[in-house]
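Notes follow once the structure below has been shown.
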Amino acid sequence: AQSVAQPEDQVNVAEGNPLTVKCTYSVSGNPYLFWYVQYPNRGLQFLLKYITGDNLVKGSYGFEAEFNKSQTSFHLKKPSALVSDSALYFCAVSRYGQNFVFGPGTRLSVLP
Amino acid sequence: KAGVTQTPRYLIKTRGQQVTLSCSPISGHRSVSWYQQTPGQGLQFLFEYFSETQRNKGNFPGRFSGRQFSNSRSEMNVSTLELGDSALYLCASSPPGLAGGPDTQYFGPGTRLTVL
């Protein structure tokens with residue numbers, strides 16, 4: 001069965017500093033990995049995905065994520081955080097023919 | 001293109017009643033998935049429909065059901081509502097993926113259901 005772990009419930013970072021939101025996964029076979037962001041009272045917005053190819057994936061709003069097969073990780077990163085990045089972030093895994101499994105979410109707070 | 005739309009946005013029901021939620025996917029998307037989001041359980045997968053057929057199902061009781069129409073619009077129904085069904089119900093649509101595999105899901109704003 002697929003599973004996703006986001007080990008931090010909350011991440012705090014100062015505006016302008018780099019941010020990292022961690023994600024590890026467990027799936028048999030090749031994973032499809034996704035990051036989504038949720039703002040209050042909104043649905044989830046797609047940020048980026050890894051299907052195959054380059055391990056460093058670039059996405060919306062300056063976010064990027066690095067796929068590390070040996071560590072089964074897919075951490076989300078941004079070089080310089082903005083206050084407007086404060087939101088709930090979800091990592092998700094899927095594979096061919098299977099439904100998405102989402103992590104529990106990490107709340108990111110960017111402090112001015 | 002218009003995004004995924006869900007109606008209604010907010011619902012208040014009482015225990016024992018039933019409710020129907022509606023989802024219109026992005027034009028051209030044939031896969032529609034439903035999720036339940038609660039503070040305690042996070043995002044839980046309910047079911048996925050593709051071309052009017054249920055393709056995947058999560059671990060929810062039979063009180064939760066869904067269907068998809070020929071225009072890809074989908075509805076989910078919850079019968080005999082319980083207090084624990086209070087949640088944000090999210091719908092997501094997907095285009096056909098690589099070799100038919102999973103592709104990006106695009107979410108609607110959700111329907112906030114409160115059961116009193």
Side-chain angles (χ1 to χ4, degrees), chain A residues 1-10 21 23 25 27-54 57-61 63 65 74 87-107, chain B residues 2-7 9-10 21 23-26 29 31-50 53-60 66 87-112 114:
Chain A
Q2 302 151 206
S3 66
V4 177
Q6 294 180 243
E8 300 154 319
D9 292 336
Q10 173 96 28
V21 183
C23 170
Y25 66 90
V27 66
S28 58
N30 294 322
Y32 293 19
L33 296 158
F34 301 79
W35 275 102
Y36 286 84
V37 60
Q38 186 177 34
Y39 296 99
N41 300 314
R42 304 282 295 275
L44 276 67
Q45 293 180 31
F46 168 72
L47 280 178
L48 51 81
K49 68 182 177 185
Y50 172 83
I51 303 294
T52 186
D54 194 349
V57 179
K58 294 188 183 295
S60 307
Y61 313 120
F63 284 94
F74 190 56
L88 189 56
Y89 289 80
F90 291 94
C91 180
V93 67
S94 184
R95 70 180 185 93
Y96 184 85
Q98 302 296 318
N99 52 277
F100 275 55
V101 173
F102 284 83
T106 297
R107 187 163 300 282
Chain B
V4 177
T5 58
Q6 292 187 246
T7 56
R9 290 293 310 277
Y10 301 92
L21 312 181
C23 171
S24 292
I26 293 171
H29 290 192
S31 168
V32 174
S33 297
W34 288 90
Y35 294 86
Q36 181 194 67
Q37 186 179 21
T38 59
Q41 298 296 320
L43 268 166
Q44 292 188 286
F45 172 75
L46 280 154
F47 27 66
E48 182 212 1
Y49 285 86
F50 181 83
T53 300
Q54 190 179 85
R55 188 160 69 172
N56 282 303
K57 189 177 188 305
N59 295 323
F60 277 80
L88 181 67
Y89 289 89
L90 293 165
C91 164
S93 73
S94 300
L98 299 171
D103 204 319
T104 306
Q105 294 196 336
Y106 295 90
F107 283 80
T111 294
R112 172 78 59 187
T114 301

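Reminder, nothing fancy here: chain letters follow the sequence lines and each chain counts from 1.
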Should we say atom OH of A/Y39 is surrounded by more than 12 heavy atoms from elsewhere, each under 6.0 Å from it? yes

For residues [X] and [Y], determine if any side-chain heavy atom of one lies less than 4.5 Å from a side-chain heavy atom of the other.
X	Y	result
A/V101	B/F45	no
B/Q37	A/F90	yes
A/Q38	B/L88	yes

Gap between atom CZ of A/F102 and atom OH of B/Y35 - 0.5 Å precision: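 Going from the OH atom of B/Y35 to the CZ atom of A/F102 covers 4.5 Å.
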
Distance, nearest 0.5 Å, that separates CG of A/L48 from OG1 of B/T104: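 It is 9.5 Å, given to the nearest 0.5 Å.
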
Nearest heavy-atom neighbours spanning A/L44 and B/F107: O-CB, 3.3 Å

Please report the closest heavy-atom contact between B/Q105 and A/Y36, naming both atoms and the distance.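 Between these two residues, the closest heavy atoms are O-OH, 2.8 Å.
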
Please state whether the side chain, the backbone, both or neither of A/Q45 comes within less than 4.5 Å of a heavy atom of chain B. neither

